[in-house]
Engineer: 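The following block contains the structure, expressed as structure tokens.
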Amino acid sequence: MTESLMPTYGRLDIAFTRGEGVWLYDDNDEAYLDALSGIAVCNLGHCHPAVSRAISEQANTLIHTSNIYQVPLQSELATKLTQLSGMSQAFFCNSGAEANEAAIKIARKYGHSKGIDKPVIIVMDNSFHGRTMATLTATGNAKVHAGFEPLLPGFVRVPYNDVDALKMAISHWPEAVAVMLEPVQGEGGIKVPDSDYLDEVRSLCTKAKLLMMLDEVQTGIGRTGNWFAYQQTENALPDVLMLAKGLGNGIPIGACLVSGPAVGILEPGNHGSTFGGNPLVCRAALTVLNTIESSSLLSHVTLMNEQIMAAFKHALGHIEQVQIRSKGFMFGIELPIGCTELVQQALDKRVLINVTADKVIRLLPPLILTADEANKMVSTVSELILTFMAENTVESVA
Ligand SMILES: *Cc1c(COP(=O)(O)O)cnc(C)c1O
């Protein structure tokens, strides 16, 4: 069955047949708590009724026309996103990598407009930006690069959450045109920077006339308890904002938004996408945004974060080697050693989790997670960790 598929993924041996809210069901109708949301995609849970209804209505009305014509739903979605984000304009594509590709093209053209022939984009260690050639080059992970060299020129890398290193890179690279980063590193292991980091990056970029390009593909659309993670402070509005994952709750859509000096860089003929922003995906995304807006989900995320963190600290706080990090509904529990086997063990307990960066248990539950569901998530994951730590401590002594 799987031999005709390229083996690009290490898949678990399970398939789901339907989903509802935070629950996925296998073909025996066994329920699994999805504490991953299809990797930060199904923020409203599976098959949210409003989203499914909108998709079905739109599928029976108009799915695709192409960007040769006006697409009113695309304009409507752009207006909604600019209102929520404070950005000025949007371009629509189909994935996170494509949103970042658009950003990289904007940065390079911005450089050329300033007479910089070989523009340089400053990117971060331990980052993740996608799997296309430009975005894997931007990604700070040797495993993602391996086998695909030569990488693209025009990228330099600095440590994340290190303002001095960024300052030095900016003064060292007169060709620098942009800084590209995640507000919280997701794939990198839920790395949460200091609370003033984004503000500092913003002011360095403004001073040096560099574009601040925020990859909110994972952190955006309510995941951190704000619409966008940069909104946690007053002064971190980026020049370029990249979105995807949660935007369509499972319908593939990405967006690249611009403000300030990034407006007007791309001109007719510079960029495009055949599928990008078609009526079907825009209708889905508009419904996602309107549903979140008319709910109290953002404050729910902030409130539940506190309860979940308190519960994890209660269960695991006594183990010194275990670090617990979070922002909103992004949780990372770092163990001292690789722990990828916990994914299967959690699956056996009917909870879907992920391990990233080899030793960080990553939880990205749907924003609709209730207190009861949170308790199940925390107790299952904590028990697995306690057992794992006990067994591995014994082993290291033996
Ligand atoms: C998932 C992710 C991407 C890539 O998105 P795709 O839709 O898989 O191309 C880019 N950046 C970040 C921060 C991500 O989490």
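Note that ligands are numbered from 1 as they come in the structure, with each ligand's atoms numbered from 1 the same way.
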Engineer: Report, one line per pair, each donor and acceptor closer than 3.5 Å where one atom sits in a side chain of residues 376-385; sequence neighbours left out.
Structural biologist:
residue : atom : partner : partner atom : Å
S379    : OG   : N375    : O            : 2.9
S379    : OG   : K376    : O            : 3.3
T380    : OG1  : K376    : O            : 2.7
S382    : OG   : V378    : O            : 2.7

Engineer: Test of understanding: given a 4.0 Å heavy-atom threshold, classify the contact between A244 and ligand 1 as side chain, backbone, both, or neither.
Structural biologist: neither

Engineer: Of the listed options (Q185, K245, M242), which comes nearest to atom 15 (O) of ligand 1 when hydrogens are ignored and any heavy atom counts?
Structural biologist: K245

Engineer: Please set out all donor-acceptor pairs under 3.5 angstrom arising from side-chain atoms of residues 174-184, sequence neighbours excluded.
Structural biologist:
residue : atom : partner : partner atom : Å
E182    : OE1  : G186    : N            : 3.4
E182    : OE2  : F128    : N            : 3.0

Engineer: Here's a test for you: under side chain to side chain contact (heavy atoms under 4.5 Å, CB included), which of V360, L342, V355 qualifies with L335?
Structural biologist: L342

Engineer: Quick one: does ligand 1 sit under 4.0 Å from the side chain of E182, the backbone, both or neither, non-hydrogen atoms only?
Structural biologist: side chain

Engineer: Judged by modelled atom types alone, do T233 and D199 share a side-chain donor-acceptor pair under 3.5 Å?
Structural biologist: yes

Engineer: Determine whether the side chain, the backbone, both or neither of E216 has a heavy atom under 4.0 Å from any heavy atom of ligand 1.
Structural biologist: neither

Engineer: Is the closest protein non-hydrogen atom to atom 6 (P) of ligand 1 under 4.0 Å?
Structural biologist: yes

Engineer: Would you mind telling me if ligand 1 is within reach of the side chain of T219, the backbone, both or neither, using heavy atoms under 4.0 Å?
Structural biologist: neither

Engineer: Looking at atom 11 (N) of ligand 1, what's its closest protein heavy atom, distance included?
Structural biologist: D215 OD2, 2.7 Å

Engineer: If every non-hydrogen atom of S273 is compared with every non-hydrogen atom of C93, which pair is closest and at what distance?
Structural biologist: OG-CA, 4.4 Å

Engineer: When rounded to the nearest 0.5 angstrom, what is the spacing between CG in N161 and CG in D125?
Structural biologist: 12.0 Å

